[in-house]
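Chain A is the first sequence line, chain B the second, and so forth, proteins listed ahead of strands; every chain is numbered from 1.
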Amino acid sequence: MLKRRVIPTLLFKDNVLVKGKNFLSNRPVVSAIESVKTYDLREVDELIFNDILASTKNIEPDYNMISEISKECFVPLVVGGGIKNLKIIENLLRNGADKVSINTWGVKDPDLLKQASKEFGSQCIVGSLDYKKSKNNKVFTICGTQIENYNILEMAEIFEQNGCGELIITSIDNDGNLCGYDVDILQKIKKKIKIPLIASGGCGSYDHMLEVFKDANVDAVAAASIFHFSKMTPREAKKYLFSKGINVRN
Amino acid sequence: MSEIEKKICIIDYGSGNIGSVSNVLNKLNLNYCVSNSIEDFKNSSHFILPGVGSFGSAMKKLNQSIDIDKLEYEILNNKKPILGICVGMQLMAEFGYEFGKSKGLGWIKGNVEIIKTSGLILPHIGWNSVKVKKNNSLLNNEEKNKDFYFVNSYYFNIENNDQVIATTEYGMNFPSIISFKNIYGVQFHPEKSQKPGKKLIFDFINSN
């Protein structure tokens with residue numbers, strides 16, 4: 001049986017990892033490579049690595065950085081940020097990414113997702129969507145700065161129809177606030193789509209993970225602040241989840 | 001064969017996971033090359049045949065990039081151990097049925113067919129357990145139910161059940177480790193399966 005996954009999210013900006021609240025005021029964490037080495041030792045199931053500068057400044061991802069990181073990463077590596085064409089995806093995969101996560105440019109032009117999944121296989125195209133519950137669940141792009149016309153449920157279906165292999169759904173309101181995932185929305189999305197669903201935004205405890213696995217039946221949880229700013233680790237999270245009957249890799 | 005003489009050749013035919021496989025061999029401090037040259041085939045003691053993508057396109061690339069007769073001489077005549085990874089393992093079959101019928105290397109009897117998932121979504125992607133059926137040099141009994149990372153829609157429907165060392169369940173049970181004499185294959189990606197994956201590659205090199 002396939003295992004449920006626990007995935008740390010790393011945000012990268014100017015050679016350091018950062019973590020913010022509600023997509024704002026990013027605090028530096030540590031060097032990217034050191035962090036990836038540590039996570040590799042802590043038996044995470046996968047790593048999500050987002051280059052924030054690439055998406056906000058509309059520049060290409062830092063391929064050298066991705067290449068260095070992949071040398072220390074022996075689990076699947078998902079890379080996101082600034083992915084707007086097939087050439088960028090090809091370069092990322094060549095530099096050691098196993099999957100790419102597409103957000104802004106997939107919302108603006110879902111055909112990009114269709115072309116990408118046809119060219120590289122749906123297994124390596126991860127759709128990533130951010131939304132605000134406080135704004136009628138509307139989707140936001142460009143690192144949460146631009147409101148879009150669709151709500152999160154509509155856009156999740158569009159992403160699936162256009163060939164994404166998985167979906168990461170992030171609540172901007174909950175991001176960095178350690179208040180728990182938005183279980184309600186995730187439940188609704190899970191009922192609409194068949195592809196694996198990754199919950200993101202708001203994780204502050206192992207119980208939050210347990211809650212979203214049990215109540216929304218998600219396939220994976222992504223978390224950042226809890227691992228960066230507390231003593232909680234992915235390994236301990238999985239031990240706890242396993243003890244509560246969640247089928248995680250241990 | 002002593003440690004010093006072991007030299008691994010990662011067969012270079014443009015497969016996407018060559019980089020990840022090289023990263024693992026680097027970490028394990030093993031002597032290796034990434035090559036498609038006959039000279040390197042002759043000088044290597046072990047081979048790894050990586051693979052991602054579809055059967056047909058991988059086989060086509062393999063035919064274009066390497067002299068298959070020379071590789072077969074090292075594997076079938078000189079009995080040098082080889083490990084096929086994912087599509088690299090599938091290429092050892094007689095035929096593949098992904099996007100039409102294509103001829104494989106035919107080293108192991110059987111065909112590569114789509115997984116009968118009973119409604120589960122394809123590709124089969126993620127960490128899944130590998131159940132060991134037979135004693136072997138890749139995974140020992142203490143590691144009976146280890147999880148490995150999979151990305152596949154097709155499986156090797158192998159003719160001789162004795163050549164199935166381990167199986168994995170996803171809608172059906174399919175072979176996840178196979179072996180026949182000096183030829184080994186894994187359906188999962190050991191290069192992306194963290195410690196258990198590194199250990200499997202290390203054990204393949206050291207016990208063969």
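- Ring centers of B:Phe47 and B:Phe41: under 6.0 Å apart, within the cut-off.
- Between chain A and the residues B:His189, B:Glu191, B:Lys27, the most heavy-atom pairs under 4.5 angstrom are made by B:Lys27.
- In this structure, chain A has heavy atoms under 4.5 Å from both the backbone and the side chain of B:Ser129.
- Looking at A:Asp98, the atoms closer than 4.5 Å to chain B (heavy atoms on both sides) all sit in the side chain, from C-beta outward.
- Only the side chain of A:Ser122 comes within less than 4.5 Å of a heavy atom in chain B; its backbone stays farther off.
- Heavy atoms closer than 4.5 Å to chain A are found in both the backbone and the side chain of B:Val24.
- If you look at B:Phe188 and B:Phe150, their ring centroids are closer than 6.0 Å.
- Aromatic ring pairs are classed by plane angle as parallel below 30°, tilted from 30° to 60° and perpendicular above 60°; the pair B:His46 and B:Phe204 is perpendicular.
- When heavy atoms are compared at a cutoff of 4.5 Å, A:Leu93 does not approach chain B at all.
- Centroid-to-centroid, the aromatic rings of B:Tyr170 and B:His124 come within less than 6.0 Å.
- Side chains of B:Gln90 and B:Gln187: a donor on one and an acceptor on the other come within 3.5 Å.
- A salt bridge does not link A:Asp207 to A:Lys244: none of the charged nitrogens lies less than 4.0 Å from a carboxylate oxygen.
- No other option in B:Thr168, B:Leu122, B:Ile121 has as many heavy-atom pairs under 4.5 Å with chain A as B:Ile121.
- Options A:Arg94, A:Glu72, A:Glu166, A:Arg5 differ in how many heavy-atom pairs under 4.5 Å they form with chain B, and the most are formed by A:Glu72.
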